[in-house]
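In what follows, chains are A, B, ... by sequence order, proteins preceding strands, each numbered from 1.
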Protein chains: 2
Amino acid sequence: MQGPRTVAEQVANVLREAIAGGTIKAGTPLRQDELAEQFGFSRMPIRDALRQLEAEGIVSIHPTKGAQVARMDSAEISEIYSLRELLESEALRLSVPNLAGARLDEAEQVLDQIDAERNVGRWGALNRAFHLALYDACGNHRLLALIEAHHNAADRYVRILLSNLDYRSRSQREHRDLLAACRRRDGDRATSILRQHLREGRETLVSAIREDGLSRKS
Amino acid sequence: MQGPRTVAEQVANVLREAIAGGTIKAGTPLRQDELAEQFGFSRMPIRDALRQLEAEGIVSIHPTKGAQVARMDSAEISEIYSLRELLESEALRLSVPNLAGARLDEAEQVLDQIDAERNVGRWGALNRAFHLALYDACGNHRLLALIEAHHNAADRYVRILLSNLDYRSRSQREHRDLLAACRRRDGDRATSILRQHLREGRETLVSAIREDGLSRKS
DNA sequence: TGGCGTATACAGGCATACATATATCCACAC
DNA sequence: GTGTGGATATATGTATGCCTGTATACGCCA
């Protein structure tokens, strides 16, 4: 696994992280000239990067009007969480019977890291790593790719969730319950916990967005 | 609804149709300057078009190695059909209670068009139109977008299916059964028919690909 | 004779330059 | 004073050229 081979990929990675971390807010116009100057490259690789991010649903591009960080209202958040529930419960169901013990140990280590991690910015990535580790043995690469894409799309909102300490500790309890069910090879129980986990995440997030007025459509 | 606003979109549409229709076979390298000369434009909009098609999973791009029409082996076809089963049965389940009678009439007209249509190239689009009409009232735009994306990705293989007259007549019978269940608002029966419909499609396609040796991985 | 290194050719990534579309603002007419 | 039309500015879309990386083939050395 080697790093990005093209400038466009590097730019896409930096922008994705900046957007997920909240450095660049939703609705911010992403001007090609501006970004090109900031990154020290020409507009071409920036164009490629923006197209890639558009495909990931992180930015939206309108011809001749340019790109901006995709705005999401609570309805879209809700849609993404519904899809996560559908996709991830299926992946988990397929994965549990094939999950190697080593993979479960890895997942547990990730949970310990989350408990120990003090840098808020890392929680999003660790949270994703935990979930993906459990689905890894599902045997459907495209399903995994879809799940990862939806994690990316919702990442900056998940980080809002995780910055809430109450939610975070409850989330960790559910994570450990989920892991235990996987160790028992109890796929039904595991998917049930996962669905509940995601439903709570959606509800917490939607109400947080509603009251903070983060929701605005273009 | 206006046509493509940029050259890149036009090129992407033409390439997508050419690939879906079998004019450009799987594994064919898509060279930028070659396509640029054929289309009469420069390489830049062709690059943009290829990036977009890559995002749709129709072509695969490797840095410094260029783009080629994505090869799919029977395992990937199988993955796509599993995802279609998951996504479309959920969409149908959500949609059935809200389906307007007018939408069902439209779907029925599409079925009549399929029976009447003699141009094989049109069947793929009509088949997609029928399915999407049934899911239209599911209320989740992202789910619909995912379903449409998977239809595009598998389109050229679905056309192989539909060129088989036996499969096509059986498919039409299932389509009409499906429509009838929707009219009765019997969501459970409808999703059951849909799952069976997709499973048969997958099996027919996988065995057809296996014996025709269409499957080769890069 | 076989394997490794180098050279050459080809294709894609990136930069620079030019064209075009859209939005905004100002002026003029009603 | 308001509305409309045109001009201008700005940002994106497109064209072209150069550079770099990779693959392949040939030659040399072991």
Check: Please give, in whole Å, the distance from D/dG13 P to B/Gln10 CD?
Finding: 14 Å
Margin query: Rounded to whole Å, please give me the gap between CD in B/Glu9 and P in D/dT14.
Written below: 9 Å
Notebook entry, point to check: Of the candidate nucleotides D/dT16, D/dT12, C/dC14, which contains the atom at the shortest distance from the side chain of A/Asp33?
Noted result: D/dT12
Check: Rounded to the nearest 0.5 Å, how far does CD1 of A/Ile77 lie from OG of A/Ser82?
Finding: 11.5 Å
Margin query: As a test of reading the structure: which of D/dG13, D/dA15, D/dC18 is closest to the side chain of B/Arg43, going by heavy atoms?
Written below: D/dC18
Notebook entry, point to check: Can you tell if the side chain of B/Val59 reaches within under 4.5 Å of the side chain of B/Ile19, non-hydrogen atoms only?
Noted result: yes
Next item on the list: Choose from C/dA23, D/dT14, C/dG13 the nucleotide whose nearest atom is closest to any side-chain atom of A/Met44.
Entry: D/dT14
Notebook entry, point to check: Rounded to the nearest 0.5 Å, how far does CG of B/Leu178 lie from NE2 of B/His175?
Noted result: 7.0 Å
Note to self: Rounded to whole Å, please give me the gap between NE2 in A/His62 and P in D/dA11.
What the structure shows: 17 Å
Notebook entry, point to check: Quick one: A/Glu54 CD to D/dT12 P, roughly how many Å, whole number?
Noted result: 14 Å
Notebook entry, point to check: CD of A/Glu34 versus P of D/dT12: gap in Å, rounded?
Noted result: 9 Å
Notebook entry, point to check: Among side-chain atoms of A/Arg93 and A/Thr191, is any donor-acceptor pair under 3.5 angstrom?
Noted result: no
Margin query: Of the listed nucleotides (D/dG13, D/dA15, C/dC14), which one gets closest to any side-chain atom of A/Gln32?
Written below: D/dG13
Next item on the list: Tell me which of A/Thr6 and A/Pro63 sits closer to the 5' end of DNA chain C, going by the nucleotide each one is nearest to.
Entry: A/Thr6
Notebook entry, point to check: For B/Asn119 and B/Arg122, does a side-chain donor sit closer than 3.5 Å to a side-chain acceptor?
Noted result: no
Next item on the list: Measure the distance from CZ on B/Phe39 to C1' on D/dG13 and round it to the nearest whole Å.
Entry: 17 Å
Notebook entry, point to check: Starting at CD1 of A/Ile46 and ending at C1' of D/dT12, how long is that distance when rounded to a whole Å?
Noted result: 14 Å
Next item on the list: Take atom CG of B/Leu50 and atom P of D/dT14, then tell me their distance rounded to the nearest Å.
Entry: 14 Å
Check: Looking at D/dA11, D/dG13, C/dG13, which one has an atom nearest to any side-chain atom of A/Thr64?
Finding: D/dG13
